[in-house]
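The next block holds one structure in the form of structure tokens; read it before the comments.
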Amino acid sequence: MRNITVLSGGMGGARFLQGLLHGIDAGTIPGLAPDARVTVVANTADDLWVHGLKVCPDLDTVMYTLGDGIDLERGWGRRDESWRVKEELAAYGVEPTWFGLGDRDVATHLVRTQMLEAGFPLSQVTAALCRRWQPGVELLPMSDDRVETHVVVADEDSPSGKAVVHFQEYWIRLRAAVPAESLVFVGLDDATPGPGVLEAITGADLVVLPPSNPVVSVGTILGVAGVRDAIRTTSAPVVGLSPIVGGAHVRGMAEQVLGAIGVEVSAAAVGLHYGARTGGGVLDGWLVDERDADAVPALQAGGLAARAVPLMMTDPATTAAMAAAAVALVG
Ligand code: GDP
Ligand code: CA
């Protein structure tokens, strides 16, 4: 297999990609060519405008992680970051104050915003930013169109009893501590796939759903017109890895947003939510963690190849072993 396409969110997707590239380089993933090329279709529904800047959290997390510019402890943003711009903005009392806008990171957003305002589509802007970071993958935004996930939460102070906040506000300001009652994917119905996105799926030798959030990362990518059909009909096998381990997310807020779409928080339920391609879904195989081995029979009954292996992405070599298990499952 030479052409690998991965549908990615931010942190979970980026860590998986780091392991996949490590395994390709080290030759530890049987079935993948030594010169295998990885194309990433990244979620852009977390994107937001803040202080006049266009911020693309998932694109940047993938770009910084693979370009060795990420802050490893936080898992997002730039290494050796400082926060003077943020402090100055707070001193002016301008909202929002909750968004983590680091000084180094601001440069990325300035370049992006300037190029967007000059008329370049996000896909070309992303390619330009990647010329600096050399992530070792082709990084494609799922769409050049504006898509934003919004979250409906209870709000006693509002006459309707509800408030609608941007996904980033839900995640960062509210810390996903209040239930997400429902999700609204603003613009998703009208979004067209970015250049190269459908071709990356139909022309792939392998399509991977990494352990990314099934609702607000992979779910939104699958919601872009034509993407789900491309995955259903590609001749490439499609394999996914569970982001839910032992009935909980590893980090992030998958538990909260799975509740909002009525899917149980379990490795089996998420695999069956994606569904087998033979039954109109998007997967051929689904890897679960060893702790969820008892989910395998139900997944197989649902038409999926399934196996339980260690799924904690502790370091690139361990993550490469996960990728190897994923390839073996459907290869
Ligand atoms: P985000 O956009 O930064 O939230 O990142 P993604 O959507 O790409 O990934 C988030 C998901 O990654 C969460 O649901 C986590 O449970 C999952 N995740 C993070 N680390 C691990 C890990 O080591 N193993 C597994 N299986 N899932 C993980
Ligand atoms: Ca994200």
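In each ligand, atom 1 is the first atom listed, and ligand 1 is the first ligand listed. Since the model is a prediction, treat every value here as computed from it, not as a measurement. We number each residue from 1, following the sequence as shown.
In this structure, Ala326 and Val239 approach most closely via the heavy-atom pair O-CG2, 3.6 Å. Of all heavy-atom pairs spanning Ala236 and Ala204, the tightest one is CB-O, 3.2 Å. In terms of heavy-atom proximity, Arg15 sits nearest to Leu72 at NH2-O, 4.2 Å. Between His273 and Val263 the shortest heavy-atom distance is ND1-CG2, 3.6 Å.
Given atom 26 (N) of ligand 1, the protein heavy atom at minimum distance is Ser242 O, 2.9 Å. The protein heavy atom nearest to atom 2 (O) of ligand 1 is Gly10 N, 2.8 Å. Among protein heavy atoms, atom 12 (O) of ligand 1 sits closest to Pro211 O, 2.7 Å. At the top of the distance list for atom 23 (O) of ligand 1, counting protein heavy atoms only, stands Met313 N, 2.8 Å. The nearest heavy-atom contact from the protein to atom 5 (O) of ligand 1 is Met11 N, 2.9 Å. Among all protein heavy atoms, the one lying closest to atom 8 (O) of ligand 1 is Ser212 OG, 2.6 Å.
Between Asn213 and ligand 1, an N or O atom pair is found at a separation short of 3.5 Å. Between Gly12 and ligand 1, a contact under 3.5 Å exists for at least one N or O pair. Residue Ser8 places no N or O, backbone or side chain, under 3.5 Å from any N or O of ligand 1. An N or O contact shorter than 3.5 Å is missing between Ile244 and ligand 1 by distance. For a threshold of 3.5 Å applied to N or O pairs, the pair formed by Met312 and ligand 1 contains no separation below that value.
Between the Asn43 side chain and the Ile221 main chain, no donor and acceptor come within less than 3.5 Å of each other. In terms of modelled atom types and a separation under 3.5 Å, the side chain of Arg112 and the main chain of Lys54 share a donor-acceptor contact. Judged by distance alone, with hydrogens and angles left aside, the side-chain atoms of Thr220 form a donor-acceptor pair with the main-chain N or O of Val216 at under 3.5 Å. Side chain of Gln256 to main chain of Val178: no donor-acceptor pair is present (N/O by atom type, distance under 3.5 Å, no hydrogens or angles).
Residue contact check for ligand 1: Val245 places a non-hydrogen atom closer than 4.0 Å to it. Close to ligand 1: Gly13, with a non-hydrogen atom less than 4.0 angstrom away.
For Val218, no heavy-atom contact with ligand 1 is shorter than 4.0 Å. Of the heavy atoms in Ala254, only side-chain atoms (C-beta onward) come closer than 4.0 Å to ligand 1. Proximity of Pro243 to ligand 1, defined as any heavy-atom pair under 4.0 Å, is shared by backbone and side chain alike.
Taken together through direct or relayed side-chain contacts under 4.5 Å among Ile, Leu, Val, Met, Phe, Trp and Tyr, Val227 and Val147 form part of one hydrophobic cluster. In the hydrophobic clustering of ILVMFWY residues, with side-chain heavy atoms under 4.5 Å counting as a link, Leu209 and Ile4 come out apart.
Annotation for ligand 1: atoms under 4.0 Å from non-hydrogen atoms of Ser217 are 2 (O), 6 (P), 7 (O). Atom numbering of ligand 1 starts at 1 in the shown order; those under 4.0 Å from a heavy atom of Leu311 are 22 (C), 23 (O), 24 (N), 25 (C), 26 (N). The atoms of ligand 1 that sit less than 4.0 Å from any heavy atom of Asp58 are 2 (O). Of all the atoms in ligand 1, the ones that sit under 4.0 Å from a non-hydrogen atom of His249 are 16 (O).
For Asp58, the N/O/S atom at the shortest distance from the Ca ion (ligand 2) is named OD1. Nearest to the Ca ion (ligand 2), among the N, O or S atoms that Asp46 has, is OD2.
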From CA spacing to verdict: side-chain hydrogen bond (donor to acceptor under 3.5 Å, both in side chains), Tyr170, Thr149: CA-CA 10 Å; Tyr170 178 70; Thr149 300; over 6 Å; no
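The distance from the CD1 atom of Ile29 to the CG atom of Leu20 is 5.0 Å, given to the nearest 0.5 Å.
In this comparison of Met322, Glu255, Met253, Arg251, the heavy atom closest to atom 19 (C) of ligand 1 sits on Arg251.
When side chains are defined from C-beta on, Leu53 counts as touching Leu110, because their heavy atoms get closer than 4.5 Å.
Ring geometry for Trp286 against Tyr274 counts as perpendicular: the plane angle is over 60°, on a 0 to 90° scale with 30° as the lower cut.
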